[in-house]
Amino acid sequence: MSGDLVPAVTKDLADLTPLEIVEALDAHIIGQHAAKRSVAVALRNHVRRRALPEDVQGEVTPKNILMIGPTGVGKTEIARRLAKLARAPFVKVEATKFTEVGYVGRDVDGIVRDLAQAAHALVEEEKKAEVAEEAAVAAERTLLEALLPGGTEEGLERMRALLRKGDLEDRTVEIEVPEEPAGVPLGMPGMEEVGRNLQEMFQRMRPSSTQRRSLPVREARTVLQDLEAQKLLDEDEVASEAIRRAENRGIVFLDEIDKIAGDERAAGADVSGEGVQRDLLPVVEGTRVQTRLGMVATDHVLFIAAGAFASNRPSDLIPEMQGRFPIRVELDELSATDLQRILTQPRYALTRQYVDLLAVDGTDLTFDESAIHAIAEVAERVNREVEDIGARRLHTILERVLEDVAFGTDLGPVTIDGAYVRARVEDVAGDEDLSRYVL
């Protein structure tokens, strides 16, 4: 099997060129070069805009992207990996969920609230990492006092030596942790944010309470370090940075946007789909939404929309929505060669995942080249003859191929070759009705 395509990128986002962003995406996603170039330029423009004078920054809006292609070719993965690379707040939303309840649809402002929450979690994680050393010292002190209540300094020092040596990891200790607040159940869709706000209000109104928990030292240490780090954070600073991060680096992935696009050629186009587009439009154009962190503006959030557009076209979107996605890229269908590369080349390729999983139970799994060719050929054929679900077909076929091997343990060396693959799937793949349900 071939090695990783490229080494992991460790440079700061501000130093990454579009070429380096594409190379980083190549480590996880096969092909789709045009889409990668487009998102790389869009991400780089986020950095370029922040280097401009403040009066100019406000005038430069992100160039939103519309990805067109069948399922399973990498649309979602490109957006997800891009956000991870940029350490940007990222939200994936299926456009069809806004048609689930009522004519107008669900509360689209929830997208922005989710984005703000994702930004808060990201910033909080970074801030906790900055105070991790100080939090670890404080957690160790609390842990020692719980292990030896009222102990002398000499006794605590002896206990500290045992603790650092790892001799007390399995000992049970009682620690005090904040009591989990009861949730505020609100059954109506779109009311989740109201529930969170009410819960926070009730928490502020009542005195904070704690509960005692008995945990092994190894678990108690993690809990205490997190609690101590939380005490060291300035919540106002975290919230302010989270808002800034959401507004300037946020990425929203709108999936299945084709499902809310009407088809002018068909009678009775889906009116609710057009209503959802009009609800989404202010968020995409730029609006301000009240979140639990404060007001969040979406003027500079990057929106990446995606859809198969198998039975309609991007031009079936309302004109205002079309204008908000000026960059359009078409993703290619996956060939058998592409599927072979997907099986082996990405850093976390499927075949490597199965090798690592089965090694846990003492099975030394190996795929030879003929097996890789056979799996890819079967996947490509079933996609062509039944329904094209792209690389997701590989998951189903590999599960079928490895069913007996995964059922066993301590099998030692096991080699999967082309003949084994064909014996496991050919009877199903050759029957269109059966393969439709099994593969």
Side-chain angles (χ1 to χ4, degrees), residues 12-16 18 21 38-66 79-93 95 98 107-130 190 192-193 196-197 200 233-255 279-305 320-321 323-327:
D12 185 79
L13 172 63
D15 299 323
L16 286 176
I21 294 170
S38 294
V39 297
V41 170
L43 185 61
R44 181 62 186 175
N45 282 341
H46 266 313
V47 176
R48 290 167 174 156
R49 186 185 71 83
R50 293 198 296 273
L52 297 174
E54 285 192 18
D55 59 329
V56 181
Q57 285 186 33
E59 301 299 321
V60 180
T61 57
K63 305 303 181 285
N64 298 325
I65 302 166
L66 176 60
R80 189 174 69 85
R81 291 288 178 183
L82 186 76
K84 191 172 183 179
L85 175 66
R87 288 198 59 77
F90 175 75
V91 172
K92 177 182 181 292
V93 182
F98 298 108
D107 178 14
V108 296
D109 287 349
I111 296 172
V112 186
R113 290 191 285 268
D114 289 345
L115 186 66
Q117 187 61 35
H120 185 272
L122 196 62
V123 173
E124 188 176 65
E125 179 189 342
E126 292 176 0
K127 297 294 184 183
K128 283 183 177 180
E130 292 175 7
E192 296 88 349
E193 181 70 15
R196 284 195 292 265
N197 290 340
E200 290 179 4
L233 298 186
D234 183 332
E235 284 298 333
D236 291 337
E237 181 184 347
V238 172
S240 176
E241 173 61 19
I243 291 174
R244 191 192 68 79
R245 191 81 61 92
E247 291 180 337
N248 292 283
R249 290 196 189 184
I251 298 175
V252 174
F253 183 74
L254 283 172
D255 201 9
D279 284 345
L280 286 169
L281 192 59
V283 178
V284 178
E285 285 182 329
T287 188
R288 290 170 63 83
V289 175
Q290 180 65 46
T291 74
R292 72 179 187 86
L293 304 178
M295 295 296 291
V296 174
T298 64
D299 302 76
H300 300 289
V301 172
L302 176 64
F303 288 86
I304 301 175
E320 298 91 335
M321 186 65 80
R324 284 295 161 178
F325 290 89
I327 301 175

Carboxylate-amine/guanidinium contact Lys127 Glu241, below 4.0 Å: no

Check: Thr287 side chain, Pro282 main-chain N or O, donor-acceptor pair, under 3.5 Å: no

Donor-acceptor under 3.5 Å (Asn64 side chain, Phe303 main chain): yes

Over all heavy atoms of both residues, which pair between [X] and [Y] is shortest? Give the atoms and the distance, please.
{"X": "Arg249", "Y": "Ala88", "answer": "O-CB, 3.2 Å"}
{"X": "Ala79", "Y": "Ile304", "answer": "CB-CD1, 4.2 Å"}
{"X": "Leu302", "Y": "His46", "answer": "CB-NE2, 3.5 Å"}

Atom pair CG/CD of Leu115 and Glu247 - distance to nearest 0.5 Å: 9.5 Å

Step-by-step side-chain contact (heavy atoms from CB on, under 4.5 Å) determination, Phe325 to Val284: CA-CA 9 Å; Phe325 290 89; Val284 178; 4.1 Å; yes

Heavy-atom side-chain proximity of Val60 to Arg48 below 4.5 angstrom: no

Val41 vs Lys63, side-chain contact (heavy atoms from CB on, under 4.5 Å): CA-CA, chis, key distance, verdict: CA-CA 9 Å; Val41 170; Lys63 305 303 181 285; over 6 Å; no

side-chain contact (heavy atoms from CB on, under 4.5 Å) evaluation trace for Val283 with Asp109: CA-CA 7 Å; Val283 178; Asp109 287 349; 4.1 Å; yes

Steps toward side-chain contact (heavy atoms from CB on, under 4.5 Å) verdict (Leu280, Ile111): CA-CA 10 Å; Leu280 286 169; Ile111 296 172; 3.7 Å; yes

Residue of the set Arg49, His300, Gln57 for which side chain to side chain donor-acceptor pair (under 3.5 Å) holds with Asn248: Arg49

